[in-house]
Number of protein chains: 2
Amino acid sequence: MTDQIKIEEIINSIYQVSSASRAKITSAMEIEFFEMGFDFISVNKKNIKEYFVLEGICGSYITNPDGDKVFISFFPEKSILSPFTTRTSKGFSLITIKALTNMKIGSINAEVFEKLMVEDLEIREFANTVLRNELKKKVEKEIGFASLSAKERLIKLRQELPYLENIIPHPYIASYLGITNVSLSRLRKEIR
Amino acid sequence: MTDQIKIEEIINSIYQVSSASRAKITSAMEIEFFEMGFDFISVNKKNIKEYFVLEGICGSYITNPDGDKVFISFFPEKSILSPFTTRTSKGFSLITIKALTNMKIGSINAEVFEKLMVEDLEIREFANTVLRNELKKKVEKEIGFASLSAKERLIKLRQELPYLENIIPHPYIASYLGITNVSLSRLRKEIR
DNA sequence: AATTCATTTTAACAAATGATAATGGAACTC
DNA sequence: GAGTTCCATTATCATTTGTTAAAATGAATT
């Protein structure tokens, strides 16, 4: 499958957009490759791109006062990273995003994308849907944290990303679940 | 101050809107009164309104499997409740919203508001700003939970809503902070 | 196949948090 | 103003979770 087709698939999976409008997006996109472990967006640095994950998986995290990474979200293949505006404050990134495997990513300058939004209703609707989905994910996560135990959250995470425990370091997963890697290991034993 | 002026103030504090457009909103609004303790939006019930808090304070919560209320957000005077679409799934409310004091609230049918959005660009921009602010709050809360201890989260909450501990039951605040009311009491003693 | 390296699991202990119930204090009622 | 009610605080104890370090596992390399 070509990169372009993959990008168009991602767009259409979120909001049906005419091929003409899709082409506006894809033609302004670049393909980038990141090696596993690379932080391609860094907290307190400038970054003005929107990203589509074509291959691999990445995760957003922040570093707490103890210096530990706390993962906020994971972005698997065929997903779109949290939109630029939602992860940026006063021009600087609020979070770091780390490639958790080798990755192939489609990127587009956020200002260019903003222009496309203004001039093209379909693209605007697509972007608003991305934003609403982002909010929906946050609400779901918020409710999950409020109503579920760590064990239940792990079970839920496994339903969404079953392979995650096999490909990324467990301390990252533990931080996402709000527990230590030792507790994660105890849970894994428990719910084998 | 009349209710109408208060509503217009709330609108303008979020996004500058012409008085003509503001009037479209206010003229479609009703004033409602809720007694302290009343759940005016209930989980798994239908609710299709947008709400502006004119007087008093309310909070959204979910009930976990143990039957405990876990508070998600607080909405003080002059704030707007999370928009209908963000707290509703398949027509049913995801959360319950409880009046934590006696309240006066401005409400507008969400479908009516949706129509105003479609026909009026300013109102649409206002609504999109509300949505973006909602997302921003969730991101802030998410990052706060990831990077702060319960004690630091309490300090932050006090900066935002200093009077909260004096007017609502501490178990509600504790659930918001992710701790028990006993632990909250210990923290209060510590950071007196 | 042996070695090395990274990572998860396990163990032992310490610390923090939760559960339960008793105590204390403030507001309200009669 | 005594009694009642509702909460927050405190105390005690049990449980959970975290910390640290050692052991086991598994993948990669020579």
Side-chain angles (χ1 to χ4, degrees), chain A residues 35-39 56-57 59 61 63-71 74 98-102 144-155 157-158 161-192, chain B residues 35-39 56-57 59 61 63-71 74 98-102 144-155 157-158 161-192:
Chain A
E35 288 216 342
M36 179 165 91
F38 182 61
D39 291 337
I57 184 167
Y61 70 91
T63 304
N64 70 14
D66 294 346
D68 300 323
K69 295 176 177 53
V70 181
F71 275 77
F74 297 109
K98 182 184 281 298
L100 298 168
T101 62
N102 290 335
F145 252 84
S147 65
L148 304 177
S149 64
K151 191 202 286 191
E152 293 167 315
R153 292 201 296 276
L154 172 59
I155 291 168
L157 181 63
R158 283 182 173 181
L161 301 171
Y163 48 89
L164 202 62
E165 285 162 272
N166 303 325
I167 57 170
I168 79 166
H170 286 194
Y172 293 174
I173 296 173
S175 76
Y176 176 83
L177 295 172
I179 56 179
T180 61
N181 57 334
V182 175
S183 286
L184 174 57
S185 182
R186 293 198 265 241
L187 284 183
R188 281 163 55 79
K189 186 178 182 180
E190 213 176 310
I191 64 182
R192 184 86 53 182
Chain B
E35 289 216 341
M36 180 165 90
F38 181 61
D39 291 337
I57 184 166
Y61 70 90
T63 304
N64 70 15
D66 295 347
D68 301 323
K69 294 176 178 53
V70 181
F71 276 77
F74 298 109
K98 181 183 282 296
L100 298 169
T101 62
N102 290 335
F145 252 85
S147 63
L148 304 177
S149 64
K151 192 202 286 189
E152 293 168 316
R153 292 201 295 276
L154 172 58
I155 291 169
L157 180 63
R158 281 180 175 184
L161 301 170
Y163 47 88
L164 201 63
E165 285 161 271
N166 302 325
I167 57 172
I168 79 166
H170 287 195
Y172 293 175
I173 296 173
S175 75
Y176 176 83
L177 295 173
I179 56 179
T180 60
N181 57 336
V182 175
S183 285
L184 173 58
S185 183
R186 295 199 265 242
L187 283 183
R188 282 163 56 79
K189 186 178 183 182
E190 214 176 310
I191 65 182
R192 181 93 49 189

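Side-chain atoms are counted along with the backbone in the values below, which use heavy atoms only and exclude waters and symmetry mates. Just so it is clear, the model here is predicted, and its values are computed rather than measured. The sequence lines fix the lettering, A, B, ..., with proteins before strands; numbering per chain opens at 1.
Side-chain proximity of A:Arg186 to D:dG18, D:dT9, D:dT10: nearest is D:dG18. In the set C:dG18, D:dA8, C:dT10, D:dA8 carries the atom at the smallest distance from any side-chain atom of B:Pro169. Of the candidates C:dT8, D:dT9, D:dT10, C:dT8 carries the atom nearest the A:Pro171 side chain, counting heavy atoms from C-beta on. Relative to the side chain of A:Arg188, the nucleotides C:dG18, D:dG18, C:dT8 differ in distance, and C:dT8 lies closest. Of the candidate nucleotides C:dT9, D:dT10, C:dG18, D:dT10 has the atom lying nearest to any side-chain atom of B:Val182. For B:Ser183, taking side-chain heavy atoms from C-beta onward, the closest of the listed nucleotides D:dA8, C:dT17, D:dG18 is C:dT17.
The shortest distance between the side-chain N/O atoms of B:Thr180 and the OP1/OP2 oxygens of C:dT17 is not below 4.0 Å. The side chain of B:Ser185 places no N or O atom within less than 4.0 Å of a non-bridging phosphate oxygen (OP1 or OP2) of D:dA8.
Atom CD1 of A:Ile173 is separated from atom C1' of C:dT9 by 15 Å (rounded to the nearest Å). The separation between B:Met36 atom CE and C:dC28 atom P is 10 Å, rounded to whole Å. With rounding to whole Å, A:Asn166 atom CG is found 18 Å from D:dT25 atom P. Distance OH (A:Tyr172) to P (C:dT8): 10 Å, rounded to an integer number of Å. Here C:dA26 presents its C1' atom at 13 Å from NE2 of B:His170, a figure rounded to the nearest Å. In this structure, B:Lys189 places its NZ atom 15 Å from P of C:dT17, rounding to the nearest Å. Between A:Asn181 atom CG and C:dA6 atom P there is a gap of 16 Å when expressed in whole angstrom units. For the pair B:Glu190 CD and C:dA16 P, the interatomic distance rounds to 10 Å; values are reported in whole Å.
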> Yes or no on side-chain contact (heavy atoms from CB on, under 4.5 Å) for B:Leu164 and B:Ile57, after CA distance, side-chain angles and deciding distance?
Replying inline: CA-CA 9 Å; B:Leu164 201 63; B:Ile57 184 166; 3.6 Å; yes

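Side-chain N or O atoms of B:Lys98 include one that pairs as donor or acceptor with a backbone N or O of B:Gly37 at under 3.5 Å. A donor-acceptor pair is defined here as one N or O able to donate and one able to accept, closer than 3.5 Å; no such pair exists between the side chain of B:Asp66 and the backbone of B:Asp68.
Ring centroids of B:Phe145 and A:Phe145 are separated by 6.0 Å or more, keeping the two rings apart.
Counted within 6.0 Å of CD on A:Glu152, heavy atoms from surrounding residues, nucleotides or ligands total more than 12; the atom is thus considered enclosed.
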